[in-house]
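Below is one structure, written out as structure tokens, with a few remarks after it.
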Protein chains: 2
Amino acid sequence: MLRISKLTDYGIVLLARFAQEPAGTTLNAREMAETTALPMPVVSKMLKTLAGAELLRSQRGSKGGYSLLRDPADVTVAELLEALEGGVALMDCTAGPGHCDQEERCTVREPWQRINSTVLAALANVTLAELVKPGSAPLIGIESASSAAAQRAE
Amino acid sequence: MLRISKLTDYGIVLLARFAQEPAGTTLNAREMAETTALPMPVVSKMLKTLAGAELLRSQRGSKGGYSLLRDPADVTVAELLEALEGGVALMDCTAGPGHCDQEERCTVREPWQRINSTVLAALANVTLAELVKPGSAPLIGIESASSAAAQRAE
DNA sequence: ATTTACTGGACCGATTCGGTCCCCTATCTT
DNA sequence: AAGATAGGGGACCGAATCGGTCCAGTAAAT
Ligand code: FES
Ligand code: FES
């Protein structure tokens, strides 16, 4: 259904939570679980993943926790998906040659590549900072696109 | 991994196959299986689905088969995904209220809606006809988006 | 009546998803 | 040094989805 996984969403929620704090704030898993009302094991798991992706810095031991490693304005949603879901490829075929055994016959392959690029571009154009601050939404081509779609619908 | 299912892809390949023929051409499941080199049961299943979605007209009996019901230039990729995968909702939460039990707390919900709209718009801007004819690719904002992403990457 | 071909749905193995648990190691506090 | 705290790594599990097959039924042409 063209959906990203719930876990990934949770991961992003967590990251957004960090982005709301002053830069460098350290929060531990328990605190995160409380403020997001998510089950502790899930929070822990996702934080680990995010740390592994070099998005969070982890600090062990008592008084430990996680802190945001990068400027929220520099982290794109595309990157997050990359880190949490291992890449954005609308279909196996899009990921590169060798994934589909009928790449020759297939006439739709190349157009899909372009579509995939478009989607990726859309995701790369939104940053973590923009996820936190509502209001200004500099999403590319959304008006032109939706109006075009509206025209088409007539 | 933000991917559409293989079956869906196959369905689109089949549809594209029809779009290449003169309008109204009737092809049966066996023929489709041959020209696409896909296993017959799969082809059959997807054709049924497509017929159910009112994209193909089905004709039973001997000399029967399927034929394209709509003008390829009027069918958008977004529609296809809608029909084959039951909607485009990046995450459960995006599909509407009541899917996620923390809609209140969640600060990322609304921004995601916009992102979802953007992706949807991108998909709604490509028609079946454009999938078949390569070359001209009027994908929205792809240059502006990729250049914006490039700027960001610096 | 026979043959062709779509229809509807059951069904199955394999993978992924969502989520939990446990043991280990690092660090801070006292 | 001892104890408490907190992350790291990974196994693990049930449930849902995915990819694909199969078959009994029905409509149409000849
Ligand atoms: S390349 Fe895989 S279906 Fe087109
Ligand atoms: S509304 Fe479901 S996670 Fe934000």
Side-chain angles (χ1 to χ4, degrees), chain A residues 1-14 18 26-34 36-67 69 84-87 89-93 99-102, chain B residues 1-14 18 26-34 36-67 69 84-87 89-93 99-102:
Chain A
M1 211 215 273
L2 189 52
R3 71 151 72 103
I4 68 178
S5 83
K6 223 168 193 174
L7 279 306
T8 298
D9 188 20
Y10 293 160
I12 294 180
V13 170
L14 292 173
F18 276 104
T26 294
L27 300 168
N28 65 30
R30 186 181 44 75
E31 289 168 320
M32 294 298 287
E34 280 170 11
T36 58
L38 290 173
M40 168 68 174
V42 176
V43 169
S44 177
K45 180 180 201 170
M46 295 320 293
L47 288 175
K48 285 182 218 172
T49 304
L50 291 169
E54 315 246 301
L55 288 165
L56 293 179
R57 186 175 51 83
S58 67
Q59 173 72 6
R60 292 200 189 186
S62 153
K63 281 289 182 181
Y66 297 88
S67 58
L69 198 51
L84 292 169
E85 308 225 322
L90 282 193
M91 57 194 70
D92 301 343
C93 318
H99 285 268
C100 183
D101 36 329
Q102 64 163 17
Chain B
M1 212 215 270
L2 188 52
R3 71 150 69 103
I4 69 178
S5 83
K6 225 169 192 174
L7 279 306
T8 298
D9 188 19
Y10 293 160
I12 294 181
V13 170
L14 292 173
F18 276 104
T26 294
L27 299 168
N28 66 28
R30 187 179 44 76
E31 290 169 319
M32 294 297 289
E34 281 170 11
T36 58
L38 290 173
M40 168 69 174
V42 176
V43 170
S44 176
K45 180 179 201 169
M46 293 321 293
L47 287 176
K48 282 183 222 173
T49 304
L50 290 169
E54 315 247 301
L55 289 164
L56 294 179
R57 186 176 52 82
S58 68
Q59 173 73 5
R60 293 198 189 187
S62 154
K63 281 288 183 178
Y66 296 88
S67 58
L69 199 51
L84 292 168
E85 308 225 323
L90 281 193
M91 57 193 70
D92 301 341
C93 318
H99 285 266
C100 182
D101 36 329
Q102 65 163 19

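Worth saying up front: this structure is predicted, and the values here are computed from it rather than measured. Letters go in sequence order (proteins before strands), and every chain restarts at 1.
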Original post:
What pairs with B:Pro41 under side chain to side chain contact (heavy atoms under 4.5 Å, CB included), at least two apart in sequence or on another chain?
Top reply: B:Pro39
**OP:** Send over the distance from B:Met40 CE to C:dT7 C1', rounded to a whole Å.
**Re:** 13 Å
Original post:
Does A:Glu85 reach the main-chain N or O of A:Ser5 with its side chain, forming a donor-acceptor pair under 3.5 Å?
Top reply: yes
Original post:
Which of residues 56-65 of chain B sit near DNA chain D, with a heavy atom under 4.0 Å from it?
Top reply: B:Gln59, B:Arg60, B:Gly61, B:Ser62
Original post:
What integer distance in Å separates B:Arg3:CZ from D:dC18:P?
Top reply: 11 Å
Original post:
Under 4.0 Å between a side-chain N or O of A:Ser5 and OP1 or OP2 of C:dT16?
Top reply: no
**OP:** Just jot down the side chain to side chain contact (heavy atoms under 4.5 Å, CB included) partners of B:Glu34, sequence neighbours excluded, or say none.
**Re:** B:Arg30
Subject >> Interatomic distance where CD1 belongs to B:Ile4 and P belongs to C:dT16 [whole Å] >> reply: 17 Å
Original post:
Roughly how many Å is it from CD in A:Glu31 to C1' in D:dG7, rounded to a whole number?
Top reply: 14 Å
Original post:
Where each residue is assigned the nucleotide of DNA chain D containing its nearest heavy atom, which of A:Ala29 and B:Leu7 is assigned the position nearer the 5′ end?
Top reply: A:Ala29
Original post:
So which nucleotide from C:dG18, D:dG8, D:dG19 ends up closest to the side chain of A:Lys48?
Top reply: D:dG8
Original post:
Atom OH of B:Tyr10 to atom C1' of D:dG20: distance rounded to whole Å?
Top reply: 10 Å
Original post:
In whole Å, what is the span from the CG atom of B:Leu84 to the P atom of D:dT17?
Top reply: 17 Å
Original post:
Is there side-chain contact between A:Tyr66 and A:Thr26, with heavy atoms separated by less than 4.5 Å?
Top reply: no
**OP:** Calculate the interatomic distance between B:Arg30 atom CZ and C:dT4 atom P; express it in whole Å.
**Re:** 10 Å
Original post:
Quick one: on DNA chain C, does A:Thr8 or B:Ala51 contact a more 5' nucleotide (nearest heavy atom)?
Top reply: B:Ala51
**OP:** For C:dT7, take OP1 and OP2 only and decide whether either is under 4.0 Å from a side-chain N or O of B:Tyr66.
**Re:** yes
**OP:** Using the test side chain to side chain contact (heavy atoms under 4.5 Å, CB included), find all partners of B:Thr49 that sit at least two apart in sequence or belong to another chain.
**Re:** B:Leu84
**OP:** Applying side chain to side chain contact (heavy atoms under 4.5 Å, CB included), name anything that partners B:Ser44, two or more places apart in sequence or on another chain.
**Re:** B:Lys48
Subject >> B:Val42 side chain, from C-beta outward: closest of C:dG19, C:dT7, D:dT21 >> reply: D:dT21
Subject >> Separation of atom NZ in B:Lys45 from atom P in C:dG9, rounded to whole Å >> reply: 13 Å
Name every donor-acceptor pair, under 3.5 Å, that has one atom in a side chain of residues 55-63 of chain B and the other anywhere in the protein, sequence neighbours excluded.
unit_1	atom_1	unit_2	atom_2	d
B:Arg57	NH2	B:Ser67	OG	2.9

